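Just below is one structure, and these are the notes that go with it.
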Amino acid sequence: MLKIASPGRVNLIGEHTDYSLGYVMPMAINLYTFLEGNKSSFVEIYSESLKSKTSFNLQSLERSNDWSDYIRGIFWILFNNNYNPKGIRGKIYGNLPIGSGLSSSASLELAILEFLNEEYKLNISKMDEAILAKDAENEFVGVPCGVMDQMAIALGKRNYAIFIDTENLHYEYVPFQDIYILIFDTGVRRELANSEYVKRRESVEKALNKLGKMSSKYIESKDLNKLQELQRRFLGYIIRENQRVLEAKDALKNGNLQEFGNIITEAHWDLAKNYGVSSPELDFFVKNALKYGALGARLTGAGFGGSAFAIFTQDPSKIGEKILKDYKRLFSHSAKYFLVESSDGVRKCIR
Ligand code: ADP
Ligand code: MG
């Protein structure tokens, strides 16, 4: 029996910058998808989280338009790249919330991929695992995500965030210690997220095209004048966000936590006002976390619901409780909070 632990991730800063090949800085967190299983000639996996079982054989890999596509996609991408794993019989379970913006999808993909990599000795590097998982999600599942989530989960390292230049996939570990992170899941499912995400992505890609630039890193404020109003607003945000990621990285390296906090809060309000992806629930959390002493707070993930987080220098359990109580008075969604730490990336559990 092999057991794999695959973390979730929180994006500390660099939101909506990956599809214009800018900077991001995510971190793997200690909420996990676990996969436990044995080798097999076919696939049979039970998801305890969803109380649902999938079984399929490896000769006919078709989409089935449910959660098992994340698993089918991993086999599909491996076969397309001339790897030849056999199957798995096992179960998945864990404490990483599903659909809350903490990337349970990439966590599941990498749990499967790491299992196959270990059991069938595929010899795939962590970086290539990230790229294969991302390709599976893009090309098989059909979700146009960037590679950030998969890199954070594959390459995660305890006590470090990962700074990534998404143009060339160069990355750098940035110390992240003595910081408490409170994650708040607003309980609002991100229905709008898909259409609004695509709208922004297309608009930004068109704008880059018009300016003849591959990456948002090479765009200067003066270039914005050549764009239509909405493109100018979106790209203006992205230029500032790229700059903030660099500054946030320096702040962490210098141990300047208050500076880091200020930068992430500024990023939240820029996302809210100019990129238009926040929500009253996310804003409520950010304001209240700051009121109760957070060094900084922001939404994380695509926005329109999902999760936000705040950073503290002391244990914020009581603050999480207080915000939750206030939140329930105003909103009817079933919110939750989590105290998390940095984590190592996907790995087999020794026992
Ligand atoms: P997020 O990645 O932010 O959690 P997504 O909508 O991208 O949200 O991915 C959630 C989907 O991933 C679920 O709807 C399900 O299809 C799949 N998934 C993630 N974790 C599990 C799990 N433990 N069991 C079954 N399916 C899962
Ligand atoms: Mg996802």
Side-chain angles (χ1 to χ4, degrees), residues 3-11 15-16 18-19 24 26-29 31-37 43-56 63-76 88 90-115 130 133-154 156 183-198 201 277 279 282 299-309 335-336 338 340 346:
K3 179 173 171 184
I4 303 291
S6 186
R9 69 97 187 89
V10 59
N11 187 21
E15 210 63 79
H16 286 276
D18 60 345
Y19 46 82
V24 296
M27 186 176 81
I29 55 173
L31 295 172
Y32 299 96
T33 307
F34 295 108
L35 165 65
E36 240 178 72
V43 176
E44 186 176 286
I45 294 177
Y46 179 67
S47 167
E48 281 186 0
S49 335
L50 297 185
K51 309 261 173 287
S52 167
K53 190 170 96 171
T54 185
S55 32
F56 54 91
R63 285 186 53 179
S64 81
N65 295 312
D66 60 17
W67 62 276
S68 71
D69 283 351
Y70 291 97
I71 300 174
R72 293 165 197 263
I74 293 300
F75 283 96
W76 180 85
I88 314 176
K91 63 175 179 184
I92 47 182
Y93 58 97
N95 57 0
L96 176 63
I98 296 178
S100 296
L102 302 178
S103 209
S104 69
S105 56
S107 177
L108 172 57
E109 289 153 18
L110 282 152
I112 301 290
L113 188 43
E114 181 71 7
F115 182 97
K134 177 235 175 206
D135 287 347
E137 186 158 344
N138 290 165
E139 294 165 32
F140 190 89
V141 185
V143 179
C145 60
V147 73
M148 163 175 77
D149 296 353
Q150 288 82 1
M151 279 184 73
I153 291 169
I183 292 183
F184 191 79
D185 177 356
T186 60
V188 182
R189 298 280 75 92
R190 299 159 299 151
E191 272 115 36
L192 259 176
N194 289 343
S195 58
E196 292 292 327
Y197 175 90
V198 170
R201 189 173 174 139
V277 300
S279 72
L282 292 163
L299 70 85
T300 183
F304 302 103
S307 297
F309 73 96
K336 285 194 277 302
F338 305 87
V340 304
V346 66

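These values consider heavy atoms only, across backbone and side chains, with no hydrogens, waters or symmetry-generated copies. Since the structure is predicted, the reported quantities are computational estimates derived from the model, not experimental observations. We count ligands from 1, going down the list as the structure has it; atoms in each ligand are counted the same way.
Listed for the E15 side chain is a donor-acceptor partner under 3.5 Å among the backbone atoms of G301. Remark: side-chain polar atoms of T300 are paired, donor with acceptor, to backbone N or O of N11 under 3.5 angstrom. Listed for the N95 side chain is a donor-acceptor partner under 3.5 Å among the backbone atoms of Y32.
Listed by atom number, the atoms of ligand 1 under 4.0 Å from Y70 heavy atoms are 9 (O), 11 (C), 12 (O), 16 (O), 17 (C). Using a 4.0 Å cut-off to heavy atoms of G101, the atoms of ligand 1 that qualify are 3 (O). For ligand 1, the atoms sitting less than 4.0 Å from at least one non-hydrogen atom of L102 are 3 (O), numbered in the order shown with element in parentheses. Within ligand 1, counting atoms from 1 as listed, the ones closer than 4.0 Å to a heavy atom of L50 are 25 (C), 26 (N). Atom numbering of ligand 1 starts at 1 in the shown order; those under 4.0 Å from a heavy atom of I92 are 22 (C), 24 (N), 25 (C). Within ligand 1, counting atoms from 1 as listed, the ones closer than 4.0 Å to a heavy atom of I98 are 4 (O), 10 (C), 13 (C), 20 (N), 21 (C), 22 (C), 23 (N).
Because the distance cut-off is set at 2.8 Å, S104 fails to qualify as a neighbour of the Mg ion (ligand 2), as none of its N, O or S atoms comes that close.
You'll find the ring centres of Y197 and Y19 inside the 6.0 Å limit.
Scanning all protein heavy atoms for the shortest distance to atom 6 (O) of ligand 1 gives R190 NH2, 3.9 Å. Among all protein heavy atoms, the one lying closest to atom 23 (N) of ligand 1 is S49 OG, 3.0 Å. Protein heavy atom at the shortest distance from atom 15 (C) of ligand 1 is W67 CB, 3.7 Å.
When G306, S105, S52 are checked for heavy-atom proximity to atom 7 (O) of ligand 1, S105 turns out nearest.
Among the atoms of S47, some N or O lies under 3.5 angstrom from an N or O of ligand 1. Taking distance alone, with nitrogen or oxygen atoms compared against 3.5 Å, L108 stays at or beyond that limit from ligand 1. Checking only distances, S104 does come within under 3.5 Å of ligand 1, N or O to N or O.
Within the cation-pi definition used here (under 6.0 Å to the ring centroid, within 45° of the axis), K336 does not qualify as a partner of F338.
Residue I153 holds its CD1 atom at 7.0 Å from CZ of R9, rounded to the nearest 0.5 Å.
Judged by the shortest distance from any of its heavy atoms, G99 lies inside the 4.0 Å radius around the atoms of ligand 1.
Proximity of S100 to ligand 1, defined as any heavy-atom pair under 4.0 Å, is confined to the backbone N, CA, C and O atoms.
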